[in-house]
Amino acid sequence: GIRDKLVTGVQTCALPISKRSTFCFGKRAVSLPKKEFTLVLFMNPASLPAQHLSQRLHQLLQEYWGYSGFRPLQEEIIGSVLNGKDTLAVLPTGGGKSICYQLPALYREGLCLVVSPLIALMKDQVEQLRKKRITAYAITSGLSSYEVKNILTVASESNCKFFPIR
């Protein structure tokens, strides 16, 4: 089932920053202006070998998103996740957080479980992933038990890569 395919978990939440704040990412301090940010917490994924990691990540970034390079901090965040570290990423709204968990999930086998409080965002991400020919299903609080059971069955029997739930 779904549990057998799970390779990593992602928890997201909105964080209003009331004053200028500084967060540490590895050895690098990042100062954030006053605005709303979203935290993305990557929980204990399996460690992967670093051979050709960067080259393959750039290939996936180009293939699925059409970008030739990463935004600030994305590559370090993704590298941290793929190296098996619990990772907390703090980026501004529109800063490219989704790629920080979508790319590692594409890089490795299995399913990425995304826990999100935002149904509209979940639906949008599933739609965008499907446009890229990436299999994704979502379970939200508005679904019937029949719909939930059907989605779980289809997802567990498919090559589903992303599974947002609320």
Side-chain angles (χ1 to χ4, degrees), residues 1-16 36-50 53 56-67 70-71 73-166:
I2 293 292
R3 191 174 6 187
D4 298 330
K5 297 174 81 173
L6 184 65
V7 295
T8 190
V10 179
Q11 174 74 43
T12 67
C13 65
L15 173 71
E36 183 167 300
F37 287 78
T38 303
L39 296 178
V40 181
L41 175 62
F42 302 89
M43 299 161 31
N44 201 18
S47 183
L48 294 173
L53 178 68
R56 180 65 181 136
L57 290 176
H58 279 86
Q59 288 172 344
L60 290 169
L61 184 67
Q62 179 67 46
E63 179 181 346
Y64 288 102
W65 284 271
Y67 301 144
F70 290 98
R71 290 182 179 177
L73 296 176
Q74 284 181 322
E75 195 165 15
E76 292 124 314
I77 293 166
I78 292 166
S80 178
V81 170
L82 290 174
N83 284 318
K85 297 177 183 172
D86 291 345
T87 305
L88 174 66
V90 182
L91 296 172
T93 301
K97 293 173 292 297
S98 297
I99 285 178
C100 292
Y101 63 85
Q102 291 173 350
L103 210 69
L106 288 174
Y107 182 86
R108 57 166 80 114
E109 297 292 320
L111 172 75
C112 178
L113 178 67
V114 181
V115 180
S116 175
L118 306 171
I119 294 175
L121 178 62
M122 290 169 50
K123 289 180 178 180
D124 180 61
Q125 287 185 351
V126 166
E127 182 181 318
Q128 294 304 316
L129 289 165
R130 288 179 176 175
K131 285 180 180 178
K132 293 173 175 50
R133 298 179 328 273
I134 299 168
T135 308
Y137 297 94
I139 291 184
T140 64
S141 56
L143 297 175
S144 70
S145 59
Y146 172 79
E147 290 170 313
V148 170
K149 184 177 179 181
N150 187 47
I151 290 171
L152 287 171
T153 300
V154 171
S156 67
E157 294 173 355
S158 72
N159 64 342
C160 183
K161 290 300 291 179
F162 296 95
F163 198 74
I165 62 170
R166 175 174 189 257

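If you're wondering where the values come from, they're calculated on a predicted model, not measured in any experiment.
Residues T140 and M122 share a closest heavy-atom pair of CG2-CE, 3.6 Å. Minimum interatomic distance between Y107 and L57 (heavy atoms only, all atoms of both residues): CD1-CD2, 4.0 Å. Shortest non-hydrogen contact noted between I78 and I99 is CD1-O, 3.9 Å. Residues I119 and S141 approach most closely at CD1-OG, 3.8 Å, considering heavy atoms. In terms of heavy-atom proximity, L113 sits nearest to F163 at CD1-O, 3.2 Å. A pairwise comparison of heavy atoms in R108 and V81 identifies NH2-O, 3.6 Å as the closest pair.
Checked against F162 for a side chain to side chain contact (heavy atoms under 4.5 Å, CB included), the options R130, Q125, Q102 give a single hit: Q102. No option in L129, I165, I151, V126 other than I151 meets the side chain to side chain contact (heavy atoms under 4.5 Å, CB included) test with Y137. Of the residues W65, Y67, Y64, F70, the one that meets the ring pair (Phe, Tyr, Trp, His ring centres under 6.0 Å) test with H58 is F70.
Distance check, rounded to the nearest 0.5 Å: CG of L106 to CD1 of I134 gives 4.5 Å. Atom OG of S158 and atom CG of L111 lie 8.5 Å apart (nearest 0.5 Å). One finds the OG1 atom of T87 at 8.0 Å from the CD1 atom of I77 (value rounded to the nearest 0.5 Å). Once rounded to the nearest 0.5 Å, the distance linking CZ of R71 with CG of L61 reads 10.5 Å. E75 contributes atom CD, which lies 10.5 Å from atom CG of L82 (distance to the nearest 0.5 angstrom).
Between E127 and K131, at least one side-chain nitrogen of the basic residue sits less than 4.0 Å from a carboxylate oxygen of the acidic one, meeting the salt-bridge criterion.
Around the NZ atom of K132, the shell of radius 6.0 Å holds more than 12 heavy atoms that belong to other residues, nucleotides or ligands.
Residues passing the side chain to side chain donor-acceptor pair (under 3.5 Å) test with T135 are N159, sequence neighbours excluded.
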